[in-house]
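Here the structure is laid out as structure tokens; the discussion comes afterwards.
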Amino acid sequence: MRPSQALAPPQSAAPDPQLLLAWYDRHKRDLPWRAPRGVRPDPYAVWLSEVMLQQTTVEAVKPYFGRFLARWPDVAALAAAPLHEVMQAWAGLGYYSRARNLHACAGRIVEHHAGRFPDSEAMLRTLPGIGPYTAAAVVAIAFDRPTAVVDGNVERVVTRLHAIAQPVPQARELIREAVERLMSRERPGDFAQGMMDLGSMVCTPQRPACILCPFATACRAHAAGTPEVFPRKASKGPRSRRAGAVFVVHRADRCVLVRTRPAKGLLGGMTEFPGTPWAADFDLRTASAFAPIIADYRRLPGEVEHVFTHFALTLAVFSASVRGDLAAPSGHRWVTEADLDREALPSLMRKVLAHARTGARAAPDQACL
DNA sequence: AAGACGTGGCA
DNA sequence: TTGCCAAGTCT
């Protein structure tokens, strides 16, 4: 090597997809929805996993994926399932419109596509719950066809690789084009998954392990010494806070009063304990007007705290017991304690239930409503 | 086009 | 406790 070359500024070689594939072959994660090298995975399993993984961590998805696949081994089985069973099985995973769309999508696949997943992105995009990312992921991973798969991981890897300083929304097309140029045409599925593994294991949001990165020599952000400033994101304002109250009513025959939330919106279609609306200016003294049944309510000590993406919620819990022959008010129903586990109870309502169970024992009497 | 839409883990 | 983050989609 000539001295002039040694002294020259770091020469960034164009990133090579083979480097990523070699890294992936050595370090890829063993995930339940991944097929062995060279084996085409079941498009149904790929689609199911991709929908579950939308904004959701791998660890959270694993047990749900296993249960869904065991219970509904193919699209036809899922399409034939009652929606409420799917919602129940999804309970706890979050973003519940995904479960509704999953079921609707399965129905469309069976009705309009002879039970087989389309292999074209454009066709997949027309299906409920399948957006640009999921359509590309299914085409690349399940059908091993070359297409640019861009998720949050890929955005991070690519904005660092090219030191793209525009905030992500504006940079999206630039990122897609960069992936288009970079991706492997020979192993599109492995390339897509390799980029995501790289993003989650090496090119992490904080303290990326650049020393382990197959793209390190080509990476502009690494060269600049500031990988973690990419991607640039618009800062969000402070999270707002709301409050409300819920009523846990026990009947003498060990039933609990519940209702189903409207299909759309927050926790859409999920089971809940009746309560007040949730409001920033909630006043506890107005809670009684929302009690589902006339009864002797006791306020349980403490509160249930829950954080949604766009607001934090504080819930007061009221508890009461009523006679064994009381009918459920319209829009409500009685469910046995045992059957409660088979309800589509979101995490928030499981917290309420746990609070009611412990609170009822710890402090039988407090303020009355 | 910006905001709604869950949850749990971690600094 | 608060904020950020995780394989996005829909409106």
Using a strict 4.0 Å threshold on nitrogen-to-oxygen distance, state whether Glu337(A) and Arg357(A) make a salt bridge.
yes

Quick one: on DNA chain C, does Val58(A) or Arg125(A) contact a more 5' nucleotide (nearest heavy atom)?
Val58(A)

Just checking Thr134(A): base, sugar-phosphate only, or nothing, at a heavy-atom cut-off of under 4.0 Å?
sugar-phosphate

Separation of atom CG in Leu313(A) from atom P in dT1(C), rounded to whole Å:
14 Å

Whole angstroms only, please: what is the NZ-P distance between Lys233(A) and dG3(C)?
17 Å

His103(A) has an atom NE2; how far is it from atom C1' of dT9(C), in whole Å?
19 Å

To the nearest Å, give me how far apart CZ (Arg207(A)) and P (dC4(C)) are.
20 Å

Would you mind classifying the nucleic acid contact of Pro128(A) as base, sugar-phosphate or nothing, using non-hydrogen atoms under 4.0 angstrom?
sugar-phosphate

Indicate yes or no: does Arg176(A) engage Glu180(A) in a salt bridge with an N to O separation below 4.0 Å.
yes

Just call it for Leu31(A): base, sugar-phosphate, or nothing, with non-hydrogen atoms closer than 4.0 Å on any strand.
base

Can the positive tip of Arg259(A) be found less than 6.0 Å from the middle of the six-membered ring of Trp334(A), inside 45° of the ring normal?
no

Atom pair distance, as rounded to whole Å: CD in Glu155(A) and P in dC5(C)
12 Å

Sugar-phosphate only, base, or nothing, as touched by Trp33(A) at under 4.0 Å among non-hydrogen atoms:
base

For Ser49(A) and for Pro238(A), locate the closest nucleotide of DNA chain C by heavy-atom distance; then report the residue assigned to the nucleotide nearer the 5' terminus.
Pro238(A)

side-chain hydrogen bond (donor to acceptor under 3.5 Å, both in side chains), that's the test. Do Thr56(A) and Arg98(A) meet it? Break it down for me.
CA-CA 11 Å; Thr56(A) 309; Arg98(A) 289 185 296 172; 3.1 Å; yes

Can you check the Arg172(A) CZ to dG8(C) P distance for me, whole Å?
10 Å

Mark yes or no: Arg67(A) above the aromatic ring of Tyr64(A), with NZ or CZ under 6.0 Å from the six-membered ring centre and no more than 45 degrees from the axis.
yes

Rounding to a whole Å, what distance do you find between Asn101(A):CG and dC10(C):P?
6 Å

Taking any heavy-atom pair under 4.0 Å as a contact, classify Arg156(A): base, sugar-phosphate, or nothing.
sugar-phosphate

Could you tell me how far dA6(C) sits from dC5(B) if I compare only their P atoms? Round to whole Å.
22 Å

When you check every protein heavy atom under 4.0 Å of nucleotides 4-11 of chain B, what one-letter string (B, S, -) results, 5' to 3'?
SBBBS---

Applying side-chain hydrogen bond (donor to acceptor under 3.5 Å, both in side chains), can you list everything that pairs with Arg187(A), at least two apart in sequence or on another chain?
Asp25(A), Asp190(A)

Using a heavy-atom cut-off of 4.0 Å across all strands, would you classify Arg241(A) as base, sugar-phosphate, or nothing?
sugar-phosphate

Between Glu303(A) and Lys351(A), is there a side-chain N and carboxylate O pair less than 4.0 Å apart?
no

Spacing of the P atoms in dG6(B) and dT11(C) (rounded, Å):
14 Å

Nearest-angstrom distance from the residue atom CE of Met201(A) to P of dA6(C)
15 Å

Counting N and O atoms only, with roles assigned by atom type, does the side chain of Lys233(A) sit under 3.5 Å from a partner on the main chain of Pro167(A), one being a donor and the other an acceptor?
no

